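For reference, the structure is listed below as structure tokens.
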Amino acid sequence: MTVIITTGGRFDEQSEQLAAQAASILGYPVVERKKRSVIRLQQDYESDVIVAGKDRFELYRLGMDEPFFFHPNSAGFRLKRLLKGESDPLVEVSQLKHGDSFLDCTLGLASDSIIASSITGDNGKVTGVEADPAVAFITGRGLRTFLTDSTQLVQAMGRIDVIHSEAVKFLREQADASWDIVYIDPMFHAPITESSNFTALRQVGVHSLLTQEWMEQAQRVCRRRVVVKDRFDSPVFEQFKLEQKIRPNTKFHFGFIEK
Ligand SMILES: C[S@@+](CC[C@H](N)C(=O)[O-])C[C@H]1O[C@@H](n2cnc3c(N)ncnc32)[C@H](O)[C@@H]1O
């Protein structure tokens, strides 16, 4: 798979600088836009295209109509609910509290990490690992630059460290019992209707199966709970002897293993 980076439709210096920044991190070439459409660029270069705009980066894989870009998605309204004193299923199943460390093995759009970070706070630590380089870059940048009036959201996003790596590779490098919570939300196999940004993530992200080694490594590095999210009917809950939290009328369930 090849990827090129270009600027938005209208030339401006800032976008050119952003394209150059992305190229230096991702190692993909920058191509002059020359007023070409994204589809035209995809055809000319037989490549996926990252567009560096003033406000955000967009990723168009070959064949995608709608781009992938960072947006806090559900994290915005989940955070509002938490601030009103309501509960959140991820926080509950993880038994998260202020000061905890939370390792998210499958960062994606970081919605779950944002919620975790809002709880773990200044004294805690949230790290998100993402296997796809373009997703890691776009989410990592979005977490630092997304404009919102919510101070809590800005702070929660700003505390998340993003690491581009395959999860098992990263886990192998971690010390025993070094994270309070290890969280895994791999790409579900059978699609479920979801927000359009998650649909785009499904098209751009890596699809992984939860493996024996992944679970073993997660348990080794974890101090309290390994938490897994998957479809309610996923075989992983039984396969890895996870305690499945049944949430009536919800398509995604959490399962966990306690240390
Ligand atoms: C279902 S999404 C996670 C969504 C995330 N929980 C959120 O709130 O936005 C899965 C993400 O994990 C990434 N991924 C899949 N397998 C991975 C692996 N083995 N290592 C690291 N990241 C992986 C995918 O590229 C995708 O971005």
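In this chain, numbering begins with 1 at the start of the sequence shown. Both ligands and their constituent atoms are indexed starting at 1 by order of listing. Computed from a predicted structure; not experimentally measured.
One option in L90, I115, I184, D185 has a heavy atom closer to atom 4 (C) of ligand 1 than any other, and that option is D185. Taking each of P72, S208, A110 in turn, the one with a heavy atom nearest to atom 16 (N) of ligand 1 proves to be S208.
Look at W214 and you'll find a heavy atom under 4.0 Å from some atom of ligand 1. Contact analysis puts S165 in contact with ligand 1, with a non-hydrogen atom separation below 4.0 angstrom. Proximity of V204 to ligand 1 is not established, as no heavy-atom distance is less than 4.0 Å.
Comment: D180 does not engage K125 in a salt bridge, judged by the lack of any side-chain N to carboxylate O separation of less than 4.0 angstrom.
When each of K54, R61, R56 is tested with E58 by the rule salt bridge (Lys or Arg N to Asp or Glu O under 4.0 Å), just one qualifies, namely R56.
Residue D104 has no N or O atom closer than 3.5 Å to an N or O atom of ligand 1. At least one N/O-N/O distance between E130 and ligand 1 falls below 3.5 Å. Residue contacts with ligand 1: L109 is placed with a nitrogen or oxygen under 3.5 Å of a nitrogen or oxygen of the ligand (distance criterion only). Considering both main-chain and side-chain atoms, E166 comes within under 3.5 Å of ligand 1 through a nitrogen or oxygen pair.
Inspection of the R220 and Q217 side chains reveals an N or O donor paired with an N or O acceptor under 3.5 Å.
Contact of the F252 side chain with the D185 side chain is not registered, since no non-hydrogen atoms from C-beta on lie closer than 4.5 Å. H71 has its side chain within reach of F146: a pair of non-hydrogen atoms, C-beta onward, lies under 4.5 Å apart.
Ligand-side atoms of ligand 1 in range of G205: 25 (O), range being under 4.0 angstrom from any heavy atom. In the vicinity of L107, heavy-atom distances shorter than 4.0 Å reach the ligand 1 atoms 5 (C), 7 (C), 9 (O). For ligand 1, the atoms sitting less than 4.0 Å from at least one non-hydrogen atom of L201 are 2 (S), 27 (O), numbered in the order shown with element in parentheses.
Residues V38 and V204 are members of separate hydrophobic clusters, defined by side-chain heavy-atom contacts under 4.5 angstrom among Ile, Leu, Val, Met, Phe, Trp and Tyr. Linking ILVMFWY side-chain heavy atoms closer than 4.5 Å, directly or via other members, places V51 and L18 in two distinct hydrophobic clusters. With hydrophobic clusters built from ILVMFWY side chains whose heavy atoms lie under 4.5 angstrom apart, I184 does not share a cluster with V162.
With a heavy-atom cut-off of 4.0 Å, S113 does not touch ligand 1 at all.
Checked against a 6.0 Å centroid threshold, the rings of H164 and F137 do not count as neighbours.
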